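Below is one structure; the comments refer to it alone.
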Amino acid sequence: GIQVEQSPPDLILQEGANSTLRCNFSDSVNNLQWFHQNPWGQLINLFYIPSGTKQNGRLSATTVATERYSLLYISSSQTTDSGVYFCAVEPPGGYNKLIFGAGTRLAVHP
Amino acid sequence: DTGVSQDPRHKITKRGQNVTFRCDPISEHNRLYWYRQTLGQGPEFLTYFQNEAQLEKSRLLSDRFSAERPKGSFSTLEIQRTEQGDSAMYLCASSARDGAYEQYFGPGTRLTVT
């Protein structure tokens, strides 16, 4: 089955710093989503981005489907950005089920 | 739009007991998914419903697990004869009928089997 790899696995930032999270996937995908999991376990939708670039405030994402990767950019990080960031892909013919990466654990210190 | 809701939020049970979780999807979402997440891992797909039909089940879903979605509205996930290895967060998600199939997740049910 399709493999989803996220890097880095862990990231520590000072408040105000910028960061880039990467998601590589091993096969073509129908869709791709980025999530932020807060300390209470809630998965919060960040981007639905099968291709192209989107921006939402301090966050932006780019997916290059032909090269099988996606990037999540966080600018001017805040302590509330702490948590785990997941990339999830939908393989073709998979009834829209999502295959998740292992996540990037981000800690932002004041 | 109240979002996906799950009940209970936490469940502690003794090994061998049966447990049942409920998921209410976003209204008018016809697709519903169950995932399981263990500590330090990403969620893993368990099963998928389109309306009331269960269309796919992961091999993770042993014969002790059963899921239903009567009338295509809320869904229940039952685990019989729980084992300590069943301890995990159980997440429900839903997506709309048409267009993009962006999935929205509920807050999860955290199960602890003692």
Side-chain angles (χ1 to χ4, degrees), chain A residues 1-7 9-10 21-25 29-52 54 56 61 63 65 70 72 83-107, chain B residues 1 3-6 8-11 23 25-26 29-51 53-61 67 88-112:
Chain A
I2 193 168
Q3 302 297 312
V4 182
E5 295 183 353
Q6 292 187 242
S7 60
D10 297 280
L21 282 58
R22 187 176 181 102
C23 172
N24 292 335
F25 41 98
V29 298
N30 284 347
N31 295 307
L32 186 146
Q33 289 186 241
W34 282 97
F35 297 91
H36 175 212
Q37 189 165 43
N38 66 21
W40 297 271
Q42 174 77 57
L43 282 167
I44 299 165
N45 290 41
L46 297 178
F47 294 101
Y48 176 82
I49 187 166
S51 64
K54 292 185 177 179
N56 184 4
T63 296
S70 183
L72 178 68
V84 184
Y85 290 81
F86 287 105
C87 166
V89 302
E90 177 200 331
Y95 287 113
N96 313 123
K97 69 182 178 187
L98 291 176
I99 307 299
F100 282 76
T104 291
R105 286 151 189 78
L106 173 64
Chain B
D1 185 351
V4 179
S5 61
Q6 293 187 244
R9 296 291 305 276
H10 303 272
K11 179 70 176 178
C23 170
I26 293 170
H29 277 195
N30 69 327
R31 298 164 187 258
L32 187 146
Y33 313 79
W34 284 98
Y35 293 81
R36 181 174 69 185
Q37 185 178 22
T38 53
L39 200 61
Q41 303 297 317
E44 296 175 293
F45 169 80
L46 291 179
T47 191
Y48 160 69
F49 289 86
Q50 183 167 324
N51 299 311
Q54 187 174 19
L55 296 185
E56 187 173 0
K57 292 192 291 186
S58 164
R59 63 179 178 274
L60 293 175
L61 217 63
M89 174 78 91
Y90 290 83
L91 295 162
C92 176
S94 68
S95 66
R97 176 190 305 273
D98 298 317
Y101 299 122
E102 184 172 3
Q103 292 185 29
Y104 296 87
F105 281 77
T109 295
R110 187 173 297 279
L111 173 66
T112 302

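Note that this is a predicted model, so its numbers are computed, not measured.
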Donor + acceptor pair across side chains of B/Q37, A/Q37 (<3.5 Å):
yes
If every non-hydrogen atom of A/Y48 is compared with every non-hydrogen atom of B/Y101, which pair is closest and at what distance?
OH-N, 3.4 Å
Crowding at CZ, B/R110 (>12 non-hydrogen neighbours, <6.0 Å):
no
Hey, could you give me the CE/CD distance between B/M89 and A/Q42, rounded to the nearest 0.5 Å?
8.5 Å
Among B/P43, B/P107, B/G40, B/G42, which has the most heavy-atom pairs under 4.5 Å with chain A?
B/P43
Going from CZ on B/F105 to CG on A/N45, what distance comes out if it is rounded to the nearest 0.5 angstrom?
8.0 Å
Run the numbers on A/L98 and B/Y33 for side chain to side chain contact (heavy atoms under 4.5 Å, CB included), then give the verdict.
CA-CA 9 Å; A/L98 291 176; B/Y33 313 79; over 6 Å; no
Which atom names give the shortest non-hydrogen contact between A/G41 and B/L91, and what distance separates them?
O-CD2, 4.4 Å
Within the side chain of B/E102, is there an N or O that forms a donor-acceptor pair under 3.5 Å with the backbone of A/F47?
no
Identify which part of B/Q103 has an atom lying under 4.5 Å from any heavy atom of chain A, answering side chain, backbone, both or neither.
both
